[in-house]
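Below: one structure, written as structure tokens.
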Amino acid sequence: MKTFLFILLFSTSAMAAPENIKVTVKGMVCSFCAQGVTKKLNAEPAVSKVDVSLEKKIVSIELKENSKLSDEKITTLLTDSGYNVERIDRN
């Protein structure tokens with residue numbers, strides 16, 4: 001019984017881990033771009049953290065536990081800000 005509870009607790013906590021999303025974006029060239037993207041994404045209730053790498057052209061988004069943010073929503077937020085989304089990868 002103890003083993004079953006341990007497995008149940010372990011698998012439940014693993015499922016609740018926050019999702020990390022990496023978005024490859026074209027058009028970001030300066031710190032002002034990074035600041036604007038960060039501000040736009042942080043305004044979303046599901047987002048807990050945003051990191052922008054201008055060098056790699058990647059926006060890393062960490063979601064809050066049990067939160068979702070669709071690829072369509074991410075694409076809309078970034079294209080409305082003037083950038084082109086090339087790729088979205090989820091962990």
Side-chain angles (χ1 to χ4, degrees):
M1 181 69 174
K2 287 182 182 180
T3 304
F4 174 75
L5 289 175
F6 176 76
I7 292 170
L8 181 63
L9 285 171
F10 179 77
S11 63
T12 303
S13 64
M15 291 188 306
E19 185 175 15
N20 292 303
I21 305 166
K22 296 212 181 284
V23 185
T24 307
V25 180
K26 273 189 152 180
M28 297 186 305
V29 295
C30 65
S31 60
F32 183 72
C33 297
Q35 182 181 9
V37 166
T38 300
K39 184 176 180 179
K40 185 78 160 180
L41 290 169
N42 275 328
E44 287 298 310
V47 174
S48 70
K49 183 178 177 185
V50 177
D51 286 314
V52 177
S53 170
L54 291 173
E55 180 181 301
K56 295 179 182 179
K57 308 293 186 213
I58 292 178
V59 176
S60 299
I61 306 165
E62 183 178 307
L63 299 183
K64 295 175 184 171
E65 279 189 32
N66 302 315
S67 293
K68 299 285 183 202
L69 190 62
S70 70
D71 289 356
E72 294 79 17
K73 181 68 173 178
I74 294 167
T75 301
T76 298
L77 289 167
L78 293 171
T79 55
D80 286 353
S81 297
Y83 306 103
N84 295 317
V85 173
E86 287 193 332
R87 181 179 170 157
I88 298 175
D89 294 309
R90 295 175 179 266
N91 68 340

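Everything quoted here is computed from the prediction, not taken from an experiment.
- Partners of K56 under the side chain to side chain contact (heavy atoms under 4.5 Å, CB included) rule, at least two apart in sequence or in another chain, are S53, I58.
- S70 pairs by the side chain to side chain contact (heavy atoms under 4.5 Å, CB included) definition with E72, K73, not counting sequence neighbours.
- Judged by distance alone, with hydrogens and angles left aside, the side-chain atoms of N91 form a donor-acceptor pair with the main-chain N or O of N20 at under 3.5 Å.
- Scanning all heavy atoms of the two residues, the minimum distance from C33 to G27 falls at SG-O, 4.2 Å.
- V29 belongs to no hydrophobic cluster, as no Ile, Leu, Val, Met, Phe, Trp or Tyr side chain comes under 4.5 Å of its own.
- In terms of the side-chain hydrogen bond (donor to acceptor under 3.5 Å, both in side chains) criterion, residue partners of D89 (sequence neighbours excluded) are, by chain and number, R87.
- Every side chain to side chain contact (heavy atoms under 4.5 Å, CB included) that S48 has, sequence neighbours left out, goes to E62, K64.
- The other members of the hydrophobic cluster of V23, by chain and number, are I21, V25, M28, V37, L41, V47, V50, V52, L54, V59, I61, L63, L69, I74, L77, L78, Y83, V85, I88 (side-chain heavy atoms under 4.5 Å, ILVMFWY only).
- Listed by first and then second residue, the salt bridge (charged side-chain N to carboxylate O under 4.0 Å, His left out) pairs involving residues 18-32 are E19-R90, K26-E86 (not counting sequence neighbours).
- For K39, there are no side chain to side chain contact (heavy atoms under 4.5 Å, CB included) partners at least two apart in sequence or on another chain.
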